[in-house]
There are 2 protein chains.
Amino acid sequence: MKNNIFLTLYKEVAQQIDAGVLPPGSKLPSEHEFAATYDTSRETVRKGLNMLAQHGYINKVKGKGSFVLNNGKLKFPVSGLVSYKELSERMGYLSRTIVYVTECVPAGEEIARELKVSADHLVWKVIRAREIDNERVILDIDYLLADVVSGLTKEITTDSIYHYLEQTLQLKISYAEKIITVDQVNELDQSFMDLGEDSHVVVVRGYVHLEDTTLFQYTESRHRLDKFQFVDFARRIVVEES
Amino acid sequence: MKNNIFLTLYKEVAQQIDAGVLPPGSKLPSEHEFAATYDTSRETVRKGLNMLAQHGYINKVKGKGSFVLNNGKLKFPVSGLVSYKELSERMGYLSRTIVYVTECVPAGEEIARELKVSADHLVWKVIRAREIDNERVILDIDYLLADVVSGLTKEITTDSIYHYLEQTLQLKISYAEKIITVDQVNELDQSFMDLGEDSHVVVVRGYVHLEDTTLFQYTESRHRLDKFQFVDFARRIVVEES
DNA sequence: AAGTGGTCTAGACCACAGC
DNA sequence: CTGTGGTCTAGACCACTTG
């Protein structure tokens with residue numbers, strides 16, 4: 001669809017790294033060479049390469065070149081905005097989604113506070129359990145503003161809400177804040193998850209915004225302790241005092 | 001020291017947002033205006049603004065402009081490579097570091113595996129507890145390759161290892177992989193932390209690399225459940241299939 | 001000295017918002 | 001139509017690494 005040269009370069013190189021065509025430690029063509037093969041300018045090449053570096057695919061060293069990093073396979077839940085469906089597909093897991101609730105209700109006190117609307121504001125409430133190896137280890141509770149999202153059905157929530165929002169409703173999801181904490185188990189957890197003796201669950205709260213900064217979704221993703229893992233790739237950025 | 005225009009712009013605008021001079025929701029000058037006031041090109045301005053956007057400071061909307069986001073204050077342990085000292089300074093916490101161990105020893109089986117060296121390879125082993133409100137709630141266990149890092153002392157580890165590495169040793173820290181899980185409490189935790197009845201701790205494992213991709217540090221940061229919080233800012237990047 | 005990535009320029013054209 | 005951000009160009013100079 002799009003013609004973005006730097007995104008094309010990003011995708012192609014990332015794919016080659018994922019596929020092992022470009023093995024860890026190998027040296028990429030120089031920016032000048034990339035500019036020639038993609039028939040573009042060096043600045044455009046650099047946009048793509050910098051994106052690869054930020055996502056942990058490569059490492060750039062001044063005077064030497066760009067090199068493939070070896071973390072390609074360990075990318076479990078890579079940091080970022082990734083939905084459960086994208087994740088499980090990427091990992092090839094034996095997983096299943098069980099939809100318990102898909103209804104449109106008034107927000108209520110607590111959720112109204114999270115979504116910064118009035119308590120009688122209509123929201124979609126979706127409760128889903130994620131099953132891995134026949135155990136419900138993740139409980140996802142989503143609240144979406146009804147005046148932004150319309151026509152949710154159980155079929156859609158079984159598949160992927162994000163896909164529906166972006167493809168069908170053409171919503172432009174821009175960014176999200178996620179907060180990870182460890183909370184006491186509550187009644188919902190005990191009803192809808194297969195917990196052992198655990199007294200706690202990992203809770204990932206997500207606040208998802210549209211391009212115009214509208215907060216339209218609040219999510220609680222509750223994970224059994226032994227099945228939770230979060231992987232983060234971080235570059236060191238030195239910001240000295242001025 | 002440096003003359004980077006885009007970094008200067010980033011720092012200045014970020015500071016103004018942090019200080020509230022640029023309140024949430026307010027509109028930044030256009031890229032053209034920034035280019036004029038900083039006497040630079042628009043592409044250079046864009047580098048700085050994109051950096052602000054990636055770090056959750058602003059939101060850019062095509063056709064409209066750049067706007068300040070309101071998450072400025074909630075930045076607790078923001079995702080990224082930030083040391084404890086930088087963090088606590090930023091938050092103004094009443095905190096203290098207790099150094100239990102600063103010694104140079106053979107790596108041993110387990111650590112050798114993490115750092116991908118032989119078991120008799122010499123490493124610095126540092127164990128520190130982080131005290132907040134008179135409770136030791138974080139236990140940091142660091143292993144650093146001795147042939148990369150030299151001359152560690154208790155004074156240095158009380159202050160900031162990172163500062164020593166970057167300022168004194170001139171090491172160029174490039175990136176890290178972090179993995180967050182929840183583990184069973186072990187003997188070290190019970191000895192050096194003020195745990196309640198908790199049976200688990202949050203464990204943040206960090207693998208820190210230099211610019212030449214050398215893995216030189218393995219870190220375990222073990223947090224009491226009720227004091228752990230991780231905040232992540234994530235932009236949605238759509239990478240369609242080709 | 002040659003090659004590499006890091007920064008920057010002074011334009012250009014496009015897509016999108018809003019009047 | 002004007003102003004905005006998104007993409008791109010064809011150079012330039014610098015700092016760094018390597019031979």
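Every chain is numbered from 1 and lettered A, B, ... according to where its sequence line falls, protein lines coming before strand lines.
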| message | Can you measure B:Glu43 atom CD to D:dA10 atom P for me and round it to whole angstrom units? | response | 14 Å
| Mutual orientation of the aromatic rings belonging to A:Tyr10 and A:Tyr57 [parallel < 30°, tilted 30-60°, perpendicular > 60°] | perpendicular
| Pairwise 5' ranking along DNA chain D for B:Gly63 and A:Thr44, keeping only the more 5' one | B:Gly63
| request: Look at the side chain of A:Glu31 and decide which nucleotide, out of C:dG5, C:dG18, D:dC8, has an atom nearest to it. | output: C:dG5
| Base C:dG5 to side chain A:Arg46, donor-acceptor N/O within 3.5 Å cut-off | no
| message | Under 4.0 Å between a side-chain nitrogen and a carboxylate oxygen: does that hold for B:Lys64 and A:Glu211? | response | no
| query | Where the side chain of A:Ile5 is defined as all heavy atoms beyond and including C-beta, which of D:dT9, C:dG5, C:dC8 is the nearest nucleotide? | reply | D:dT9
| said: What's A:Leu49 touching, base or sugar-phosphate or nothing? Going by heavy atoms closer than 4.0 Å. | reply: nothing
| Does A:Arg42 make a side-chain donor-acceptor contact with the base of C:dG5, cut-off 3.5 Å? | yes
| message | If I take atom NZ in residue A:Lys62 and atom C1' in nucleotide C:dT7, what distance separates them, rounded to the nearest angstrom? | response | 9 Å
| Between D:dG5, C:dG5, C:dT9, which nucleotide has the shortest distance from any of its atoms to the side chain of B:Ser66? | D:dG5
| request: Determine yes or no for a side-chain-to-main-chain donor-acceptor pair under 3.5 angstrom, with B:Trp124 supplying the side chain and B:Leu152 the backbone. | output: no
| Proximal nucleotide (of D:dG5, D:dT17, C:dT9) relative to the B:Lys60 side chain | D:dG5
| salt bridge (charged side-chain N to carboxylate O under 4.0 Å, His left out) contacts touching residues 104-118 of chain B (sequence neighbours left out) | none
| query | Rounded to whole angstrom units, what separation is found between the CG atom of A:Asn50 and the C1' atom of C:dT4? | reply | 14 Å
| Separation of D:dT9 C1' from A:Phe6 CZ (nearest whole Å) | 15 Å
| note | Atom NZ of B:Lys47 and atom C1' of C:dG6 are separated, to the nearest Å, by 7 Å
| query | Nearest-Å distance, CG (B:Asn4) to P (D:dC13)? | reply | 19 Å
